[in-house]
Amino acid sequence: MASTSAEIIAFLLTISGWVLVSSTLPTDYWKVSTIDGTVITTATFWANLWKTCVTDSTGVSNCKDFPSMLALDGYIQACRGLMISAVCLGFFGAVFGLVGMKCTKVGGSDQTKAKIACLAGLIFILSGLCSMTSCSLYANRITSEFFDPTFVAQKYELGAALFIGWAGASLCIIGGSIFCFSIAENSNSPRRGYVYNGATSVMSSRTKVHNSVPDKTPPKHFDKNAYV
């Protein structure tokens with residue numbers, strides 16, 4: 001029962017992490033920068049994996065999509081590939097996790113379901129590592145440009161999408177680790193033994209029951225005329 005509860009908790013954690021990772025991919029604010037005036041913010045610059053935009057004080061945004069994938073910086077291409085891989089791996093991990101849970105009726109025996117659940121855990125861990133690597137790579141580029149005194153272009157800060165991606169990756173890794181421990185708990189569980197006593201017929205069972213019941217009828221006394 002404890003293993004089933006742990007698998008349910010792991011499934012909820014991994015699904016929540018996968019949803020956060022999936023929502024990070026189209027989120028706008030991967031990096032953000034503002035230009036402040038005397039009273040209000042005059043302009044906000046922000047960018048993600050697909051476009052770069054600027055929003056003025058009136059709320060009007062002007063965006064420019066990245067023109068060519070081959071002309072992009074290497075870190076943006078790597079982040080795109082890692083995030084798409086994380087989303088795809090999370091989908092397959094959710095399918096295997098649903099099949100491998102003990103509370104479902106598909107997947108075969110308990111040993112087979114434990115192996116499938118362990119496989120789902122490994123897939124979720126790999127998905128979390130892909131998302132973690134992508135967000136960390138993007139954040140490293142932002143911080144290196146921000147603290148570089150020779151960098152004269154627009155400097156950005158970490159956006160909200162990076163923190164969402166880190167949180168989703170952490171949930172996927174934690175839930176996947178719990179899934180991996182389920183195969184160890186299943187192998188350590190004791191097995192019940194059954195002793196086969198052989199097939200018994202109906203007549204033999206009735207004879208055993210008849211012989212086990214003591215005869216409580218009083219003995220009959222016969223006189224000498226009964227033997228004539």
Sub-4.5 Å side-chain heavy-atom contact between [X] and [Y]:
X	Y	answer
Ile173	Phe124	no
Trp18	Val87	yes
Ile15	Leu171	no
Val32	Thr44	yes
Ser134	Arg80	no
Ile8	Met101	yes

To check you understand the geometry: which heavy-atom pair defines the closest contact between [X] and [Y], and what is its length?
X	Y	answer
Cys103	Thr4	CB-CG2, 4.2 Å
Ala86	Ser131	CB-N, 4.0 Å
Val99	Lys113	O-NZ, 2.9 Å
Ile76	Leu72	CG2-CD1, 4.1 Å
Leu162	Ala139	CD1-CB, 4.0 Å
Cys63	Lys51	CB-CD, 4.3 Å

Please enumerate all residues that pass side-chain contact (heavy atoms from CB on, under 4.5 Å) together with [X], with sequence neighbours excluded.
X	value
Phe163	Leu158, Trp166
Leu98	Phe11, Thr104
Tyr75	Lys31, Asp73, Leu137, Tyr138, Arg141
Ile164	Leu20, Ser23, Thr24

Could you list the cluster mates of [X]? Members are the ILVMFWY residues connected by side-chain heavy atoms closer than 4.5 Å, either directly or through other members.
X	value
Leu122	none
Val152	none
Phe147	Phe146

Once side chain to side chain donor-acceptor pair (under 3.5 Å) is applied, what residue pairs with a partner in residues 81-93 remain, sequence neighbours excluded? none
Do any pairs count as a side chain to side chain donor-acceptor pair (under 3.5 Å) and have a residue in residues 152-164, sequence neighbours left out, and if so which ones? Ser33-Gln154
Do Phe151 and Phe45 sit in one hydrophobic cluster, given that two such residues count as connected whenever their side-chain heavy atoms are within less than 4.5 Å of each other, even indirectly? no
Euclidean distance, [Y] [atom2] relative to [X] [atom1], rounded to 0.5 Å:
X	Y	atom1	atom2	result
Phe179	Thr14	CZ	OG1	5.0 Å
Leu89	Leu82	CG	CG	10.5 Å
Cys180	Ile178	SG	CD1	10.5 Å
Ile174	Ile9	CD1	CD1	12.5 Å
Leu13	Ser170	CG	OG	11.0 Å
Glu145	Asn140	CD	CG	10.0 Å

Yes or no on side-chain contact (heavy atoms from CB on, under 4.5 Å) for Thr27 and Asn48, after CA distance, side-chain angles and deciding distance? CA-CA 7 Å; Thr27 303; Asn48 56 12; over 6 Å; no
What's the verdict on side-chain contact (heavy atoms from CB on, under 4.5 Å) for Ile125 and Ser177, showing C-alpha distance, side-chain angles and the deciding distance? CA-CA 7 Å; Ile125 291 175; Ser177 301; 3.9 Å; yes
Which residue pairs pass the ring pair (Phe, Tyr, Trp, His ring centres under 6.0 Å) test when at least one of the two sits in residues 48-74, sequence neighbours left out? none
Using modelled atom types only, decide if a donor and an acceptor are shared between the side chain of Ser127 and the backbone of Ile123 within a distance under 3.5 Å. no
Among residues two or more places apart or on two chains, list those pairs meeting disulfide bond (SG atoms under 2.5 Å apart) that have a residue in residues 123-178. none
Residue list, ring pair (Phe, Tyr, Trp, His ring centres under 6.0 Å) with Tyr29, at least two apart or on another chain: Trp46
With a 3.5 Å cut-off and no angle check, do the side chains of Ser109 and Thr112 form a donor-acceptor pair? yes
